[in-house]
Amino acid sequence: MTLETKKSVFVELGKFLSQFSEKESVKKSDVLHNETFFNDFEKLITLSQSHNGWYTPEQVFFAIKSWADALTEENIEKWLSNYSSEFAQNDKKEKTVALILAGNIPLVGFHDFLSVIITGNRALIKTSSNDQHLLPFLTKYLIAVDENLKDKITFVEGKLENFDAVIATGSNNTARYFEYYFKDKPSIIRKNRNSAAILNGKETHEELEALGEDIFRYFGLGCRNVSKLFVPKGYSFDAFFQAVFKYQDVIHYEKYANNYDYNKAVFLMSNFKLLDNGFLTLKEDSNYASPISSVFYEYYEDLESLQTRLEADEEQIQCIVSNNLIKNSTAFGQSQNPQLWDYADNVDTITFLLTTK
């Protein structure tokens with residue numbers, strides 16, 4: 001398969017995904033293989049919550065739309081245009097790349113899968129027990145678009161064997177196991193990361209409302225979810241709480257409510273001082289990883305010192321949300337809408353796949 005062919009296959013997938021929406025899914029006559037896949041995908045979306053209680057239809061539809069928006073011809077061309085020389089120098093030797101995927105949010109491992117296939121390699125995939133159905137379904141669609149992909153994609157349930165490189169995502173604990181187990185293979189090993197937001201008190205209501213999207217999307221389970229706020233000394237959280245009140249319905253979801261009740265009780269029994277609005281607690285804490293239904297906050301003296309702190313902690317941070325207060329920050333409300341060229345952990349997966357021998 002040529003690179004242009006692989007690009008076109010994923011563009012077709014993007015067109016297929018663009019039909020599905022929480023408000024109304026519309027079956028389009030010009031989308032390939034709709035008769036075979038459209039209705040079954042609708043059913044799978046509906047059933048996703050029975051497979052993983054956090055995968056509500058709203059969250060699955062959001063993930064699908066994100067990928068539909070990403071997989072356009074324009075985006076794929078812009079993404080891969082940065083690697084013209086690497087593709088030209090690639091020795092064309094096909095590698096088998098083992099993918100150990102996470103399952104914290106729907107289709108969280110799709111970018112790694114896309115990167116492996118688009119670079120002309122084979123994907124040997126071990127899905128998370130929390131997300132075993134969405135990616136296999138989409139690979140069936142891709143194979144229907146081009147049967148040459150059939151021999152490029154393999155899902156495994158047991159031990160991974162006969163591979164040349166590995167991309168594995170897990171916790172800090174599992175990462176230590178991965179690093180030992182795959183020590184003789186070229187690898188990308190991803191650990192726990194969290195995202196933070198920086199406020200200065202000048203944010204508009206709309207910006208703080210958008211920050212709520214960064215906090216509550218996927219119930220806060222993603223590494224790009226904001227779990228830590230940096231605020232100036234003397235900051236009042238009144239405007240913040242007023243803005244995020246829009247997301248109050250999250251407490252009506254049982255799994256989230258159970259976490260809210262439990263984590264709040266643990267904090268209170270430990271005599272921690274909390275700010276609380278009935279569905280989100282704020283706790284002053286220097287850590288980045290807060291539990292579900294809670295966000296940590298920390299005061300900063302000045303932005304220059306904070307920049308130094310964040311650079312020192314870069315291996316713990318996935319992205320930083322702010323109103324351009326520091327360089328390379330993400331706009332409010334956009335943390336869960338990464339572009340194809342926004343790499344997890346800032347590790348360029350395409351370069352890794354094209355240059356690894």
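All heavy atoms count here, side chains included; hydrogens, waters and symmetry mates do not.
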Audit row: Leu13, Leu138, side chain to side chain contact (heavy atoms under 4.5 Å, CB included) steps and yes/no: CA-CA 8 Å; Leu13 176 61; Leu138 296 186; 4.1 Å; yes

Could you grab the distance from atom [atom1] of [X] to atom [atom2] of [Y], nearest 0.5 Å is fine?
X	Y	atom1	atom2	answer
Leu306	Asn200	CG	CG	11.5 Å
Gln307	Leu303	CD	CG	8.5 Å
Lys140	Asp40	NZ	CG	9.0 Å
Asp112	Leu135	CG	CG	10.5 Å
Gln59	Ile45	CD	CD1	13.0 Å

Full working for ring pair (Phe, Tyr, Trp, His ring centres under 6.0 Å) between Phe20 and Phe38: CA-CA 9 Å; Phe20 300 93; Phe38 185 92; 4.8 Å; yes

[X] atom [atom1], over 12 foreign heavy atoms within 6.0 Å:
X	atom1	result
Lys183	NZ	yes
Phe245	CZ	no
Tyr262	OH	no
Glu315	CD	no
Lys126	NZ	yes
Lys185	NZ	yes

In terms of side-chain geometry, is the basic nitrogen of [X] or [Y] positioned less than 4.0 Å from the acidic oxygen of its partner?
X	Y	answer
Lys152	Glu94	yes
Lys27	Glu35	yes
Lys15	Glu12	yes
Glu77	Lys7	yes
Glu298	Lys228	yes
Asp285	Lys283	yes
Arg217	Glu58	yes
Glu179	Arg176	no

Please check: side-chain N/O of [X] versus main-chain N/O of [Y], any donor-acceptor pairing under 3.5 Å?
X	Y	value
Gln49	Thr46	no
Thr356	Leu353	no
Asn52	Asp131	no
Asp313	Gln316	no
Ser227	Ala289	no

Please answer: with hydrophobic residues joined when any side-chain heavy atoms are less than 4.5 Å apart, are [X] and [Y] in the same cluster?
X	Y	result
Ile198	Val231	no
Ile117	Ile100	no
Leu282	Ile292	yes
Ile153	Phe41	yes
Tyr177	Phe163	yes

Verdict with reasoning, Asp302 to Ser305, per side chain to side chain donor-acceptor pair (under 3.5 Å): CA-CA 6 Å; Asp302 58 83; Ser305 299; 3.0 Å; yes

Steps toward ring pair (Phe, Tyr, Trp, His ring centres under 6.0 Å) verdict (Phe62, Tyr218): CA-CA 9 Å; Phe62 183 89; Tyr218 302 126; 5.7 Å; yes

Pair Tyr260 and Phe279, ring centroids less than 6.0 Å apart: no

Centroid separation His111 to Tyr343 less than 6.0 Å: yes

Phe110/Leu134 under side chain to side chain contact (heavy atoms under 4.5 Å, CB included): CA gap, chis, key distance, verdict: CA-CA 10 Å; Phe110 188 84; Leu134 291 169; over 6 Å; no

Pair Asp151-Arg122, side chain to side chain contact (heavy atoms under 4.5 Å, CB included): steps then yes or no: CA-CA 8 Å; Asp151 296 329; Arg122 295 176 184 267; 3.8 Å; yes

Flag side-chain contact, heavy atom, 4.5 Å: Thr127 against Ile125: yes

Sub-4.5 Å side-chain heavy-atom contact between Lys95 and Pro186: no

Side chain to side chain donor-acceptor pair (under 3.5 Å) partner of Gln318, chosen from Asp345, Asn194, Asp342: Asp345

Derivation of the side chain to side chain donor-acceptor pair (under 3.5 Å) call for Thr281 and Ser294: CA-CA 5 Å; Thr281 58; Ser294 182; 3.1 Å; yes

Val9/Met1 under side chain to side chain contact (heavy atoms under 4.5 Å, CB included): CA gap, chis, key distance, verdict: CA-CA 10 Å; Val9 171; Met1 295 176 69; 4.2 Å; yes

Exercise: identify the closest heavy-atom pair between Ser329 and Leu325: OG-N, 4.2 Å

Minimum heavy-atom distance between Lys28 and Ser18, given as atom pair plus value: NZ-OG, 3.7 Å

Working for side chain to side chain donor-acceptor pair (under 3.5 Å), residues Thr119 and Asn121: CA-CA 6 Å; Thr119 51; Asn121 296 300; 2.9 Å; yes

Name the orientation class of the two ring planes belonging to [X] and [Y] (parallel below 30°, tilted from 30 to 60°, perpendicular beyond 60°).
X	Y	result
Phe267	Phe272	perpendicular
Phe37	Tyr141	perpendicular
Phe10	Phe113	perpendicular
Phe241	Phe237	tilted

Stepwise side chain to side chain donor-acceptor pair (under 3.5 Å) test for Tyr55 and Asn130: CA-CA 9 Å; Tyr55 284 18; Asn130 291 323; over 6 Å; no

Lys233 to Tyr299, cation-pi by 6.0 Å centre distance and 45° axis angle: no

Between Asn75 and Thr72: side-chain donor-acceptor atoms closer than 3.5 Å: yes

Stepwise ring pair (Phe, Tyr, Trp, His ring centres under 6.0 Å) check, Tyr300 with Phe230: CA-CA 6 Å; Tyr300 66 88; Phe230 287 98; 7.3 Å; no

